[in-house]
There are 2 protein chains.
Amino acid sequence: MNTLSYGLLSMLSYAPFSGYDLMQKIQPFWPAKHSQIYPLLAQLERDGYIQHELVVQPDKPDKKVHSLTDLGREALSQWLSQPACPPVTRDELSLKIFCMNEGDPVDIQRLLEQRVEYCREKLVWFHAKSELFAHKRMDSSPGIVLLMRRALFSFQSELDWAEWALKELRGEG
Amino acid sequence: MNTLSYGLLSMLSYAPFSGYDLMQKIQPFWPAKHSQIYPLLAQLERDGYIQHELVVQPDKPDKKVHSLTDLGREALSQWLSQPACPPVTRDELSLKIFCMNEGDPVDIQRLLEQRVEYCREKLVWFHAKSELFAHKRMDSSPGIVLLMRRALFSFQSELDWAEWALKELRGEG
DNA sequence: AGCATCATGTAATGAGTTACATGATTTT
DNA sequence: AAAATCATGTAACTCATTACATGATGCT
């Protein structure tokens, strides 16, 4: 079973969800399209890790609500006890900065400004989410709190770096 | 042409390299195995972006040393002027932390300790590289300096987070 | 003697994205 | 009238990893 499959089980450890819900919830941690998720859910069910119930909705399309079986829960906690694979990041910006001698310096500055903007948007989003959890007493679990904090740390450090890099390029270092 | 192809051109903008060299150099920025790189190099040559020279080595196996053509250089600077795709990160640890209710709390602590160790190793490596560049006047370019600094920022923030998370879990928050 | 490094490739499989396909409801 | 959201699926394609294949040199 691959990591995305375990990721889906992870989401389902909180509550039963539809494939559509799962797709949206898993995005921040493990990007995946619905075309990848639906077949995996079918497979997980064939293998006995999850089961589903058809929920008829009058206003919206019917949906399949998936939930963990005992076997699924077992598989999850077994997976948790294994070491995690090292993280993989692929960022086109790194490659572009690597060969920045080759092009117009203005291009690189624009790329960094775009990254600054990107990080600011992410930070706004995660701050908003954090406050939702803090004030309105949403279904925040210890895990989600840790992950929120980490996202804030990581986008802040990327932002700091990008702003520092822009200063360097403008000769203000 | 895909991002990895441009990545290879980026590396070659510094100097001619063998496929084997390219594989090692591109790892930190865009992980790729040799089985992916060799076919792409052949394709880049077919399309006129690079050319190669066979270098016979008495002690080691012969190698193909690839270099940019004018067309390749053109393609590179055109690519540099386009906005970069948003970065993609996939980290199994995030998924495991997400569902940490499900398993033994000791498992999660162990995972975080392993991540702390991982970040420390990376930091040591990047600090060593930085000093090499600073003191021995290696072939450091402005791009590499920016990327080094960024790696230091990013692993430090991940380290800080992981240590904070461990304190939280041990109830020292 | 066995393993690591250097060096290049192909084949098979797995993972991930884009496109194809459908259809109701709600918002702009 | 057009676009977005909810909802599920399949097909085609690209991207990435693992395995297969070979072979010299140098280190332990």
Side-chain angles (χ1 to χ4, degrees), chain A residues 1-9 11-12 16-47 50-67 85-92 95, chain B residues 1-9 11-12 16-47 50-67 85-92 95:
Chain A
M1 214 165 39
N2 63 21
T3 308
L4 178 54
S5 298
Y6 283 110
L8 295 170
L9 297 185
M11 302 292 136
L12 292 176
F17 289 114
S18 70
Y20 191 86
D21 288 338
L22 286 168
M23 174 193 56
Q24 297 183 321
K25 293 204 178 267
I26 210 168
Q27 289 303 323
F29 312 116
W30 198 278
K33 316 281 175 183
H34 73 273
S35 55
Q36 199 179 6
I37 289 172
Y38 287 122
L40 282 183
L41 286 172
Q43 196 189 292
L44 285 168
E45 186 161 47
R46 272 200 305 279
D47 297 344
I50 61 175
Q51 60 194 114
H52 82 267
E53 195 187 351
L54 196 83
V55 172
V56 180
Q57 301 181 114
D59 49 332
K60 297 185 216 167
D62 301 352
K63 62 180 176 181
K64 290 183 180 178
V65 174
H66 306 270
S67 54
C85 296
V88 172
T89 299
R90 287 197 173 87
D91 188 354
E92 208 180 4
L95 298 172
Chain B
M1 214 165 39
N2 63 21
T3 307
L4 178 54
S5 299
Y6 283 111
L8 295 170
L9 297 184
M11 303 292 136
L12 292 176
F17 289 114
S18 69
Y20 190 87
D21 287 338
L22 286 168
M23 174 193 54
Q24 297 183 320
K25 294 207 176 265
I26 210 168
Q27 289 304 323
F29 311 116
W30 198 276
K33 315 279 173 181
H34 73 274
S35 54
Q36 198 178 6
I37 289 172
Y38 288 122
L40 281 183
L41 286 171
Q43 194 188 293
L44 285 168
E45 186 161 48
R46 272 201 305 279
D47 297 344
I50 61 175
Q51 61 195 112
H52 82 267
E53 195 188 351
L54 196 84
V55 173
V56 179
Q57 302 181 115
D59 48 334
K60 295 184 218 168
D62 300 352
K63 61 181 176 181
K64 290 181 179 180
V65 174
H66 306 271
S67 53
C85 295
V88 173
T89 299
R90 287 196 174 87
D91 187 355
E92 206 179 6
L95 298 173

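Convention: sequence-line order gives letters A, B, ...; per-chain numbering from 1.
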Nearest to the side chain of A:Tyr38 - C:dA7, D:dC6, D:dG9?
D:dG9

A:Glu45 CD to D:dG9 C1', in whole Å, measures 14 Å

Rounding to 0.5 Å, atoms NZ (B:Lys63) and CZ (B:Phe17) come to a distance of 9.5 Å

Would you mind reporting whether A:Leu8 and A:Ile50 have side-chain heavy atoms less than 4.5 Å apart?
no

Figure out the OH/P separation between B:Tyr20 and D:dT22, and round it to whole Å.
19 Å

CD (B:Glu53) with more than 12 external heavy atoms under 6.0 Å:
no

Whole-Å gap separating C1' (D:dC6) and CD1 (A:Ile37):
15 Å

Got a donor-acceptor contact below 3.5 angstrom from the B:Gln27 side chain to the B:Ala32 backbone?
yes

Reckon A:Gln24 has a side-chain N or O less than 4.0 Å from the OP1 or OP2 of D:dC6?
yes

Between C1' on D:dT14 and CG on B:Asn2, what's the gap in Å once rounded to a whole number?
8 Å

Should B:Gln36 be listed as having a side-chain N or O under 4.0 Å from OP1 or OP2 of D:dA16?
yes

If I take atom CG in residue B:Leu22 and atom P in nucleotide C:dA7, what distance separates them, rounded to the nearest angstrom?
12 Å

By nearest atom, which of the nucleotides D:dG26, C:dA7, C:dG16 is closest to the A:Leu4 side chain?
C:dG16

Specify the residue among B:Trp30 and A:Pro39 whose closest nucleotide of DNA chain D lies further upstream toward the 5′ end.
A:Pro39

Take the protein atom CG of B:Asp59 and the nucleotide atom C1' of D:dA24, then report the distance between them rounded to whole Å.
10 Å

Measuring to OP1 and OP2 of C:dT18, would you say a side-chain N or O of A:Lys33 lies under 4.0 angstrom away?
yes

Rounded to the nearest Å, what distance is computed from the CE atom of residue B:Met23 to the P atom of nucleotide C:dT8?
9 Å

Gap between atoms OH and C1', on A:Tyr6 and C:dA15 respectively (whole Å)
16 Å

Nearest to the side chain of A:Pro61, which nucleotide is it out of D:dC6, D:dA19, D:dC15?
D:dC6

Can you find a donor-acceptor pair, distance only, under 3.5 Å between B:Ser35 side chain and D:dT18 base?
yes

Closer than 4.0 Å, any side-chain N/O of B:Arg90 to the OP1 or OP2 of C:dG16?
yes

B:Gln57 side chain N/O closer than 4.0 Å to the phosphate oxygens (OP1, OP2) of C:dC6?
no

So does A:Lys64 get a side-chain nitrogen or oxygen closer than 4.0 Å to the phosphate oxygens (OP1/OP2) of D:dG9?
yes

When rounded to the nearest 0.5 angstrom, what distance separates CG in A:Leu12 from CD in A:Gln51?
10.5 Å

Sorted by position of nearest nucleotide on DNA chain C, 5' first, the leading residue of B:Ser18 and A:Lys60 is B:Ser18

